[in-house]
Structure formats: structure tokens, C-alpha cells
Amino acid sequence: MKIVILDGYGANPGDLSWDGLKEVGELTVYDRTKPEDTVSRAADADIVLTNKVILGRREIEQLPQLKYIGVLATGYNVVDTQAAHERGITVTNVPAYSTESVAQMVFSHLLTVVNHTEHYALQIRNGRWCSNPDFCYWDTSLTELAGKTFGIVGLGNIGQRVAQIALAFGMKVKALTSKSADALPAGIQKVDMTELLATSDVLSLHCPLTDSTRHLINAHTLQQMKSTAVLINTGRGPLVNDADVADALQKGALAAYCADVLTEEPPKADNPLLCQPNAFFTPHIAWATYEARVRLLSVAISNVKAFAEGHPQNTV
């Protein structure tokens, strides 16, 4: 079998190995693939792996040899699964590999806001502490998390892990979830969207991107939040309306926005969020710790081997 990886660099820039796939078939790895090159590069492939390269109906219909699509991520919106299933093409993803890493990033962002660690580190490098007349100084507010309310939208693997960490900080945890209240872990209160928005000191988004959750955070929902609230998005960029969040920050209707994802990636230079001093970004790297990527490749390779042996796993 011929195996093609369309955009391998994101998951494996060279510090890991794809060699396990060579046990299954002839392997070709492309670091990146432009949309116009997708069909030509995958033309003879039985198995295609993709991270962010789109395999829509148009591409799938032009790949008669294709039998398997492996998504190198948990989210699989880059694949037209209906078109694939109509052709009998197996589609798999890699669930839960990044839970610990993404949860860690949520609190990395939050601590940046409440403790201003980046601010003070930069000041001290510039000599501010050395010239200070007292043993300590602060020129920002410093906030204790204990006792504050941490709101979560979506209680999947990541949402539940984030809840556990928030509880460990002594925070009250409320969640918008389809799970029944009786099924929730101890310490998590199920609430509706209205209460979640109104009472959360921190609101963290961990739901999938669907038609109903696109722009879940918008001008209307932002008006229902505390002006002192911190909004965190490590889920999907389009869960928020960028312009509306930027406007809320500018007007002081939202204290801070922390995100690892944006609607368009990489963002355009004129994205209104990028010029907001209380907006903090990382470049879609919450999933990308070494440990998480080791798990990602291990499961992705295992998925291919399971398919080749006739018992596919992690199908979507």
C-alpha cells in the first residue's frame, strides 16, 4: 500500500519518527501541502494522513485509489466524512492525546493574566527591580483564584481535566454540558448558559465547533458576562466572534481574552484582536508538547496498522 502524509511538519518537525508506517507500506511525507497540490500528491495513495490539509468532497472524488484517511488530530472537520463514507473510505482520528497539555495551557494563560508574570519578567530584565527602593513592588493588580468561579463550556476529556485543576486551585466550577447533573464529577455544578455567563470570573471554551457553537461568544453573550471576567479559548477559533471580543476588550466590558486558536490561522495582521493589550495569544500550540506529540504519532500509526490488519479503530 502507498501511504502519503500531506502535512507532517506540524506534528513532527523532525524530533519524532514516522518509521512505524513503513512497516505497512511505501511512505511519502510532505511537510506542507498547498490546496492546489492535494490531489496530485495523494493521487496514487491508498492511505492519506492529514492534519490541516482539507480533504473535501471535491478532493475525495478525484482520489479513486483512496481507502483510508487518518486525521492527525482529534477534530476531523478537515475531512468531508459523508463523502468519504459514501465511497467506503475509512476515516479515523486521534482522540484524547492532548488532554493534559491543553489543560496545562489553559492555566498558563490564566496565570499570565492574574499574576502578570510576563509583565514583571520583562520589567526586571530592564532593571526595574534593581532600582526599586523597597524589597518588592507591584504596579498591577494581583488576583487570587481561590473562591472565584470558573465556568466551562463543554465537559469532554479536556473540559473535565480543566475542572479538576480549577478545583485544586480552590475555585468554584460551573459547567454548560449535555451530561446529566448526576453524572458530573464531584464539585462541578451544571448550569444553563445564562447563569454561566453571568457568574463566571473565568470562562473557558472546550466544546466542539458546530453550527450551533460557531460565534457562541458574540456581542450579545459578552454583554451578559462580568466586565471583570477572563475569557479563555483553547478549543476552536470560530467559537468566538473576533471583532466582538476585540470591541468588548476595548470598551472595558471584558477584562482579558486568552486564546491558543483564532478564526484564521495564521491570522491576518489586521485582525482587531491582535492590537488589544489585554488579549494574550499562543500560536495554536496547546496540543504540541513533546509528550502529546509522541502519543499522537503512536496512536496515528496504530490506527493505520489496525486498518491494514482489517480491524480499524478510532473511526469517525
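Everything numeric here is computed off the predicted structure, so don't read it as measured data.
Leu297 and Ile3 fall within a single hydrophobic cluster, where Ile, Leu, Val, Met, Phe, Trp and Tyr are joined by side-chain heavy atoms under 4.5 Å apart, directly or via other members. Hydrophobic clustering of Ile, Leu, Val, Met, Phe, Trp and Tyr side chains at less than 4.5 Å, counting indirect connections, keeps Leu6 apart from Ile301. Put simply, Phe307 and Val316 are part of two different groups of oily side chains (I, L, V, M, F, W, Y) that touch within less than 4.5 Å, one to the next. Put simply, Val94 and Leu16 are part of the same group of oily side chains (I, L, V, M, F, W, Y) that touch within less than 4.5 Å, one to the next. Both Val24 and Trp18 are part of a single hydrophobic cluster, where members link through side-chain heavy atoms under 4.5 Å apart.
Contact annotation: the side chain of Lys148 approaches that of Thr143 to within less than 4.5 Å [non-hydrogen atoms, C-beta and beyond]. By the 4.5 Å heavy-atom criterion applied to side chains, Leu239 and Ile217 are not counted as neighbours. Two residues are said to be in side-chain contact when any heavy atoms from C-beta on lie closer than 4.5 Å; Arg58 and Pro35 fail this criterion. Residues Arg236 and Thr213 fail the side-chain proximity criterion, which asks for heavy atoms closer than 4.5 Å. The shortest side-chain heavy-atom distance between Tyr257 and Leu249 falls under the 4.5 Å cut-off. No side-chain heavy atom of Tyr30 sits under 4.5 Å from any side-chain heavy atom of Asp37. Side-chain contact check for Ile60 versus Ile69: some heavy-atom pair is nearer than 4.5 Å. At least one side-chain heavy atom of Leu274 sits under 4.5 Å from a side-chain heavy atom of Leu262.
When the shell of 6.0 Å around NZ of Lys172 is examined, it contains 12 or fewer heavy atoms from other residues, nucleotides or ligands. Sparse packing is recorded around OH of Tyr9, with 12 or fewer heavy atoms of other residues, nucleotides or ligands lying under 6.0 Å away. At most 12 non-hydrogen atoms from other residues, nucleotides or ligands lie less than 6.0 angstrom from CG of Asp211. For Glu309, the CD atom sits in a packed shell: over 12 heavy atoms of surrounding residues, nucleotides or ligands are nearer than 6.0 Å. Heavy-atom neighbours of Ile54 CD1 from other residues, nucleotides or ligands within 6.0 Å: at or below the threshold of 12. For His85, the NE2 atom is densely surrounded, since the number of other residues' heavy atoms within 6.0 Å is greater than 12. For CD of Glu118, the number of neighbouring non-hydrogen atoms (other residues, nucleotides, ligands) closer than 6.0 Å is 12 at most. Other residues, nucleotides and ligands contribute at most 12 non-hydrogen atoms within 6.0 Å of the OH atom of Tyr76.
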Given Lys190 and Thr177, is the side chain to side chain contact (heavy atoms under 4.5 Å, CB included) satisfied, shown in steps? CA-CA 7 Å; Lys190 178 173 180 172; Thr177 174; 4.2 Å; yes

Could you walk me through whether His116 and Ser141 satisfy the side chain to side chain contact (heavy atoms under 4.5 Å, CB included) test, starting with their C-alpha distance in whole Å, then the side-chain angles of each, then the deciding distance to 0.1 Å, before giving a yes or no? CA-CA 9 Å; His116 301 279; Ser141 63; 4.2 Å; yes

Give the C-alpha distance, both sets of side-chain angles, the deciding distance and a yes or no for side chain to side chain contact (heavy atoms under 4.5 Å, CB included) between His206 and Val106. CA-CA 10 Å; His206 299 288; Val106 169; 3.7 Å; yes

Quick one: do Thr117 and Leu111 satisfy side chain to side chain contact (heavy atoms under 4.5 Å, CB included)? Show the steps, please. CA-CA 8 Å; Thr117 46; Leu111 293 172; 5.8 Å; no

Test side-chain hydrogen bond (donor to acceptor under 3.5 Å, both in side chains) applied to Thr282 and Asp260, step by step: CA-CA 5 Å; Thr282 45; Asp260 186 60; 2.6 Å; yes

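Atom CZ of residue Arg161 and atom OG of residue Ser98 lie 13.0 Å apart, to the nearest 0.5 angstrom. With values rounded to the nearest 0.5 angstrom, Leu203 atom CG is found 8.5 Å from Ile232 atom CD1. Here Leu49 contributes atom CG and Leu55 contributes atom CG; the two are 10.0 Å apart, rounded to the nearest 0.5 Å. To the nearest 0.5 Å, the span separating CG on Leu205 from OG1 on Thr234 amounts to 7.5 Å. Here the NZ atom belonging to Lys179 is positioned 9.0 Å from the CD1 atom belonging to Ile188, to the nearest 0.5 angstrom. Distance check: Asp201 CG to Leu145 CG gives 9.5 Å after rounding to the nearest 0.5 Å.
Counting all heavy atoms, side chain and backbone alike, Ala186 lies closest to Leu167 at O-CD1, 3.7 Å. Across every non-hydrogen atom of Lys52 and Val78, the tightest pair is O-CG1, 3.9 Å. When all heavy atoms are compared, the tightest approach of Arg87 to Gln65 is NH2-N, 4.5 Å. The minimum heavy-atom distance between Leu196 and Gly151, with the atom names listed, is CD1-CA, 3.7 Å. Closest non-hydrogen pair, Cys258 versus Val230, comes out as SG-CG1, 4.1 Å. Scanning all heavy atoms of the two residues, the minimum distance from Gln160 to Pro185 falls at OE1-CG, 3.6 Å.
At least one donor-acceptor pair under 3.5 Å links the side chain of Asn303 to the backbone N or O of Asn93. Side-chain N or O atoms of Asp7 include one that pairs as donor or acceptor with a backbone N or O of Asn51 at under 3.5 Å. Remark: side-chain polar atoms of Thr199 are paired, donor with acceptor, to backbone N or O of Glu195 under 3.5 angstrom. Looking only at distances, no side-chain donor or acceptor of Trp287 sits under 3.5 Å from a matching main-chain atom of Thr99. Within the 3.5 Å criterion, the main-chain N or O of Ser108 finds a donor-acceptor partner in the side chain of Thr112.
Under 3.5 Å, the side chains of Arg41 and Thr33 contain a donor-acceptor pair of N or O atoms. For Asn132 and Arg128, the side-chain atoms include at least one donor-acceptor pair closer than 3.5 Å. Glu86 and Gln82 share a donor-acceptor pair across their side chains, judged by distance under 3.5 Å alone. Remark: the Ser101 side chain and the Glu291 side chain contain no N/O donor-acceptor pair separated by less than 3.5 Å. A donor atom on one side chain and an acceptor atom on the other are found under 3.5 Å apart for Thr140 and Tyr120.
In terms of the salt bridge (charged side-chain N to carboxylate O under 4.0 Å, His left out) criterion, Arg295 has no residue partners (sequence neighbours excluded). Here His215 pairs with Asn241 under the side-chain contact (heavy atoms from CB on, under 4.5 Å) rule; sequence neighbours left out.
In summary, of the residues considered (Val153, Val240, Leu176, Thr210), a side chain to side chain contact (heavy atoms under 4.5 Å, CB included) with Leu216 occurs for Val153 alone.
Between Phe169 and Phe107, the ring planes are parallel. Angles under 30° get that label, and only those over 60° would be called perpendicular.
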